[in-house]
*Asks:* 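Structure incoming, see below.
Predicted, not measured: the structure shown is a model, and the values here were computed from it.
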Amino acid sequence: MAEETKKRVVVVGAGVIGASIAFDLQRRGYQVTLVDKGEPGRGTSFGNMASIALDFAAGSGPSTWKKMPGWLLDPEGPVWLRPSYAAKMLPWFLRFLAAGRPSRLRQIEDAGMSLSERALGDFRQMLQAIGASELMTEEGCLAIYETEAEFAADRGHLAMMQRYGLEFEVLSNGAIQYYEPALSPAIAKAVLLPDNKSIRDPYRLVVKLAEAAKVAGAAFVSGAVRNIERKGDGAVVVLLEDGGRLEADSVVLAAGVHTRFLAEKLGEPIPLETERGYHTQIMKPGISMRYSMIWPARAFMVTPTAGGIRVGGNVELAGLDAAPDFRRPRVLVRHAQRALPGLKLEEATDWMGHRPALPDTIPIISPSSKMPGVFYATGHGHLGLTYAPTTARLIGDMVSGTEPPIDMRPFRIDRY
C-alpha cells in the first residue's frame with residue numbers, strides 16, 4: 001500500500017494488548033501510531049505472571065456469594081477489599097454475582113474458551129513474526145493442591161477443562177516431585193497443564209512487539225489522551241493533554257483500566273474496575289524451577305521468569321489512587337515458601353499493577369456503539385498476556401472489515 005494511501009490507525013495504550021494490536025495492524029498495511037504516557041511495557045504488562053493460561057476460569061459461580069464473606073474477612077485470603085473502597089465496589093460486585101448464575105456461567109465459559117482455543121497458536125505465530133520464538137518456554141504449568149479436600153474443591157474446574165478438550169494429567173505423591181523436585185512432599189495432588197506455557201520475560205516481549213511495529217513503519221507518541229472526537233469528514237481525532245491532535249481513520253482504545261474514562265466521555269460507560277495485583281521478583285531464589293506453578297486455593301502463581309522467580313497473584317480492590325500495601329506480596333511469598341521449602345528471599349523487589357477487570361470475566365473486544373471508527377480492547381483481567389495476540393487479530397479483522405473467525409457478540413461493549 002502506498003504511503004500516502006495508507007489508512008491511519010491510532011492505538012491508545014502500549015501494554016501487551018496495545019503493542020500486539022499495533023504490530024498486527026501495521027503488518028496489515030495500516031499506518032499506525034501507538035500512544036502512551038509511558039514507555040511500552042512499563043505499565044501493568046511489566047509485572048504480569050508471564051503465563052499463557054489456556055484454562056479459562058470464570059471469576060464468579062453459583063456458590064461464589066457463600067465464599068465471598070470468608071475471602072473478604074481473611075487478611076491472607078485471595079481477595080482483599082479495602083473498607084474505604086467497599087461502597088464504590090458495590091455495583092460491580094452485584095454484576096459479578098449475577099455473572100455466576102448457572103445459565104450465564106456456561107455462556108461466559110463458551111466465550112472465554114473461544115479465545116483460549118486460539119491463544120497458543122496465535123501466540124506462536126506472533127512470536128515467529130517478530131523473531132522472538134525463544135521467549136516462550138516449552139514447559140507447562142503445575143496446579144498444586146495441599147490436601148485432597150483442596151483437590152476435590154477444584155473438580156468443577158477440571159470438569160470444565162475436560163468438557164472443552166484441554167489436556168491435563170493428575171499427579172500424586174512421588175510423581176509430583178519427579179516433575180518439580182523443589183515442591184514440598186506435603187503437596188497431596190498436582191495437575192500438569194502441558195499447554196499452559198510461560199514467557200521468559202514479559203516486559204521484553206512488549207518491547208520486541210513495539211520495536212517490530214516501529215521497524216514496519218509504526219510511530220510512537222508519548223502523551224496522555226484527554227478525549228476522542230469525530231470530525232465532519234469522518235476522521236477520528238485523538239486529543240492529547242498537552243494540546244496535541246492525532247487524526248486517524250480508526251482509533252483503538254487499549255489503555256487497560258484507564259479506558260473506562262475515555263469510554264465515559266464517549267457516552268458508553270463500562271463497569272471496568274482495577275484488580276490490583278502484586279508480585280515479588282526474586283533474583284536469588286536458592287532453587288530452580290522447570291514449570292510455573294499455580295495454587296488455586298490460595299489464588300497465586302510462582303513463575304521462573306525475567307532472570308529469577310516471580311511470586312504473584314491475588315486481588316486487592318482499592319481503586320487506582322490508593323498507595324500500594326506491600327504487606328500483600330509478603331503473604332504470597334510465605335505461601336510460596338510453604339509449597340517450595342527451599343525458596344529464599346534474596347535480591348527481591350516488590351511491584352503492584354492494575355489489572356483491568358470486568359464483572360463477567362471476559363474482555364471487551366468491540367467497535368464502539370456510539371462513535372464509528374472507534375474500537376475497544378480492554379478488560380482482559382488476569383488473561384491479558386494470554387489473549388494479546390488473539391485480541392490483536394480480532395481487532396485487526398474488525399478494523400479492516402473482515403469477518404472475525406469467532407462469534408464476537410459476547411465481547412461487545414454494550415452488553416451490560
Side-chain angles (χ1 to χ4, degrees), residues 1-46 203 206-207 209-270 272 274 320-321 353-354 356 364 366-368 370-378 388 391-392 395-396 398-400 413:
M1 191 182 298
E3 198 70 28
E4 62 273 11
T5 63
K6 282 186 176 182
K7 289 192 173 182
R8 301 159 298 169
V9 183
V10 173
V11 179
V12 180
V16 70
I17 299 290
S20 298
I21 292 168
F23 175 68
D24 183 272
L25 287 170
Q26 190 67 38
R27 289 186 79 206
R28 290 178 188 240
Y30 292 89
Q31 181 55 56
V32 175
T33 300
L34 183 60
V35 181
D36 199 295
K37 61 183 178 181
E39 297 176 13
R42 283 292 181 181
T44 299
S45 294
F46 180 83
Y203 168 63
V206 182
V207 170
L209 281 165
E211 288 175 347
K214 185 176 180 180
V215 167
F220 178 76
V221 171
S222 179
V225 175
R226 176 169 57 86
N227 207 346
I228 312 291
E229 293 179 351
R230 188 171 175 86
K231 293 175 60 179
D233 63 3
V236 185
V237 184
V238 176
L239 305 176
L240 303 179
E241 292 284 0
D242 64 5
R245 295 167 58 89
L246 300 171
E247 290 193 16
D249 299 283
S250 301
V251 172
V252 182
L253 302 179
V257 70
H258 301 282
T259 306
R260 81 183 187 203
F261 304 113
L262 295 172
E264 287 170 4
K265 291 180 178 181
L266 294 181
E268 43 193 349
I270 48 179
L272 190 60
T274 170
L320 279 169
D321 300 324
H354 296 277
I364 292 171
S366 169
S368 168
K370 300 290 186 180
M371 185 177 289
V374 174
F375 300 83
Y376 290 88
T378 190
T391 297
I395 288 289
M398 287 189 284
V399 169
S400 65
I413 190 169

*Asks:* Drop me the distance from L262's CG to Y376's OH, to the nearest 0.5 angstrom.
*Replies:* 7.5 Å

*Asks:* Which atom names give the shortest non-hydrogen contact between A248 and V10, and what distance separates them?
*Replies:* CB-CG2, 3.8 Å

*Asks:* How far does CG of L25 sit from OG1 of T33, to the nearest 0.5 angstrom?
*Replies:* 11.5 Å

*Asks:* Is there side-chain contact between V257 and R260, with at least one heavy-atom pair below 4.5 Å?
*Replies:* yes

*Asks:* Tell me the closest heavy-atom pair linking A22 and L34, and the distance in Å.
*Replies:* CB-CD1, 4.2 Å

*Asks:* side-chain contact (heavy atoms from CB on, under 4.5 Å), that's the test. Do V221 and L240 meet it? Break it down for me.
*Replies:* CA-CA 10 Å; V221 171; L240 303 179; 4.1 Å; yes

*Asks:* Checking side-chain contact (heavy atoms from CB on, under 4.5 Å) for the pair I228/L266: CA distance, chi angles, key distance, verdict?
*Replies:* CA-CA 7 Å; I228 312 291; L266 294 181; 3.9 Å; yes

*Asks:* What closest approach, in Å, do A19 and V206 show between heavy atoms, and which atom pair accounts for it?
*Replies:* CB-CG1, 4.0 Å

*Asks:* Within this structure, what is the CD-CZ distance for the pair Q31 and R8, rounded to the nearest 0.5 Å?
*Replies:* 10.0 Å

*Asks:* Does H258 form a side-chain contact (heavy atoms from CB on, under 4.5 Å) with L320? I'd like the steps, not just the answer.
*Replies:* CA-CA 9 Å; H258 301 282; L320 279 169; 4.2 Å; yes

*Asks:* Looking at D321, I want to see if its CG is surrounded by more than 12 non-hydrogen atoms of other residues, nucleotides or ligands under 6.0 Å.
*Replies:* no

*Asks:* With side chains defined as the heavy atoms from C-beta onward, is the minimum distance between K265 and R226 less than 4.5 Å?
*Replies:* yes

*Asks:* Measure the OG1-CG distance between T378 and L253 for me, rounded to the nearest 0.5 Å.
*Replies:* 9.0 Å

*Asks:* Could you tell me the separation between the CD1 atom of I270 and the OG1 atom of T259, rounded to the nearest 0.5 Å?
*Replies:* 6.5 Å

*Asks:* Tell me if a side-chain donor or acceptor on K7 pairs with a main-chain N or O of S250 at a distance below 3.5 Å.
*Replies:* no

*Asks:* Nearest 0.5 Å, please: how far is CD in Q26 from NZ in K6?
*Replies:* 5.0 Å

*Asks:* At their closest point, which heavy atom of A14 faces which heavy atom of D36, and how far apart are they?
*Replies:* N-OD2, 2.7 Å

*Asks:* Looking at G15, is its backbone amide N or carbonyl O close enough to the side chain of S45 to form a donor-acceptor pair, meaning the two atoms are under 3.5 Å apart?
*Replies:* no

*Asks:* Please name the pair of heavy atoms, one in V236 and one in P372, separated by the smallest distance, quoted to 0.1 Å.
*Replies:* CG2-O, 3.8 Å

*Asks:* When you measure from the side chain of R245 to the backbone of V237, do you find a donor-acceptor pair of N or O atoms at a distance under 3.5 Å?
*Replies:* no

*Asks:* Of all heavy-atom pairs between I17 and A254, which one has the smallest distance, and what is that distance?
*Replies:* CG2-CB, 4.1 Å

*Asks:* Who passes ring-ring contact (aromatic ring centres under 6.0 Å, His included) against Y203, sequence neighbours left out?
*Replies:* F46

